Amino acid sequence: MSPRHLDDPIREDAPLEDTGLENTSRPDLVPGAAQAEAAVREACELDQPEIPHGHMSGHSREEEVLERIERARKRRARVREDRITLAHGAGGKAARALIEAVFLEAFGNPLLEPLGDGAVTGPVAGGLAFTTDSFVVRPLFFPGGDIGDLAVNGTINDLAMCGAAPRYLSAGFILEEGFPVEDLRSVVASMAEAARAAGVWIVTGDTKVVENGKADGCYITTAGIGVIERPVRLSAAAVVPGDSVVVSGPIGEHGMTVMLARGGLDIETDLTSDTAPLHTLADRLLAACPGQVRCLRDATRGGVATVVNEIAAAAQVAIVLDESAVPVRPNVRGACELLGIDPLYVACEGRMVAVVAGDHADAALDALRSHPLGTDAAVIGRAGDDPAGLVLMRTHSGGTRVVDLLVGDPLPRIC
Amino acid sequence: MRFVDEYRDADQAHALADRMAALCRPGRRYQFMEVCGGHTHAIYKHGLEDYLPDAVEMIHGPGCPVCVIPMGRLDDAFHIAEQPGVIMTTFGDMMRVPGGRGTFLDAKARGADIRMVYSPLDALKIAHANPGRHVVFMAVGFETTAPSTALTILRAEAEGIGNFSVFCNHVTIIPSIKAILDSPDQRADGFVGPGHVSAVIGCRPYEFVPRVYGKPLVVTGFEPLDVLRAVHQLLTQLAEGRCEVENQYARVVPWDGNARALSVIGRVMELRGYFEWRGLGWIPHSALKISERYAAYDAERIFQIPGVRVADPKACQCGEVLKGVLKPWECKVFGTACTPETPIGTCMVSSEGACAAYYNFGRFSRKRVREATRR
């Protein structure tokens, strides 16, 4: 008999052998048996304090049972299953248990706790920024982060790039039947931690479960609301010739980390994802260069090259990058060289591109470098007038070339 | 980064540019073909044309193994991939190459299990992990990648892995160079020889190029200074009236090649009588197949592929581009019907294809780009 049975006051005089549950402490137990045992033990705990029969309490046996049921209904929900089942998405008790025991437990805040159809806030001063993003990363867990902090930071960053202070997030989960509940707890814990670190609340959400094989474990969609607290007008179209292009730190770490974490390439590195919330960094830049920041963009899918192309096209300016000024950590550069991938196109999850008025580039750099996420910020290029809409680059070796949009994903080359 | 930065030094590149300019005879134009797609990619990626004298023009040759796979072979590969229980594996840059029935990405979207690998050994690992499935590796590449395919077959046999086979599309470099030299409209003054292929076959097989055809050839690597030095050596040979094979890439390429790699190829593969090259047509003895001894690992024999020949689209002038007769932008459909988004010919697909490289990196007037970046 295992020690946990001894903790149970009711079971002391009732040998487990008699319950038919004696095999539940064995390593080879069937999951159903473990659950049954847990249920019996809990029911017994509920019976405390045991009311002796014949006592003039005014309670009939039926009332006692009903009371017991009532107490059970009031107890905190628990998820007993090891894996997500279709029932967790069916809106019944299992779904309720999942919401209360996993999501509410981790995210708990006054706006979420009523568990209404939506979250209701008080009046908000300032303009609002509103954004949404979906996350489908594989693997779900990678060095430096997981899909959870990615989902929170990604939406925070989209708000930050609008010049907004992120306030409230929603979280929608599509879970695959069979997804381990422990993994879900880890993801949710990362989300809670990322939200806490960034000072935002996850105030509403939704969960759906799809059949095994119809999804890749766990997909998350977050939406966010942020408040525009300082007067900013950020727009890629506002970029003019003479402006400087700044990047907040070394590029390509997230994308290469995930590519290598997929395991197919058999390359060992010490790479970790750069996932981070950028709102305080953006705020510091906007405060240091009031009215001089033309636009902010986080360099996610498609990397810095894609962002800069979009800016050049929107503003109809030429942007000339200087390859040797682009910060790339040696491990990222090495992995990119091996795979024939250009780090300029590799996704970042905690880096932004800022375009600032040319004469404020130094002030912008000082502001960024004073923040822990911006210590390696650098001016990587400049806007010009010809050829409009195009990104050019002065290469390491002193040549020049066009930096165009990629057609699809960057794929490793064969030779 | 070691082995990279020392070959990208801008000062040395400038010095080479000056020396190359001094070697050009006034009024003469020089056309050099870089045979290898890796060189094409390097020229555009690093903007090396900026360093070349105006009199020097690079012709982008047929050396992108992805680009030369004919459409019919891709359709054969899709046929294999669509067989029940098959997992098809191939290199990343094959994924977007169009056959007669779309691309691997399209076949994947239709439900075929197609996976990208970085090495044939990864495909073997997948076979080991999925004993109930049959894993096919679509092998492409010159002698550069053929040894690793051959080694994988040897390992599959040694480990007794029976659910693995290779759809062999390996091609050989020398017959394709010969085909270009024999082409009546061929106009190159010299050749920049491939680097990685030569690491396997060595420099000796190129000796017929100066001896029979009277053209110098310099084998070189893929960093900016490698390419510039090779062009410099070609100009030097022409200026000095020499015509020979030179090895600028001795840090990787032994003159006699890699005997072990060659012997592995010889053990597992044999020459095909003919093989179709996209844009160039049928070239004798220009490809490898799995030998009889290893027939059990030959997807062509296991699956009885349809072997249908799909004619290249009429409008496509990939052949002329590959031979250097046309510049990419001189092709009728370049940049209109044929773009990297909707490639018609394979030159537009792989980032090493002459047209894709030109489209992505080089399609703007050099002068305009230079002026923009100098300001």
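Just so we're clear, the structure is a prediction, and the values are computed from it rather than from any experiment.
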Gap between atom [atom2] of [Y] and atom [atom1] of [X] - 0.5 Å precision:
X	Y	atom1	atom2	answer
A:E323	B:R8	CD	CZ	7.0 Å
B:E49	A:R401	CD	CZ	13.5 Å
B:Y359	A:D404	OH	CG	7.0 Å

I'd like to know which of A:M393, A:H396, A:R333 tops the heavy-atom pair count under 4.5 Å against chain B.
A:R333
Kindly give the heavy-atom pair with the smallest separation between B:H46 and A:T395, and that separation in Å.
O-OG1, 2.9 Å
Minimum heavy-atom separation for A:S397 to B:L48, with atom names?
OG-CD2, 4.4 Å
Segment of B:V4 engaging chain A (4.5 angstrom heavy-atom cut-off):
side chain
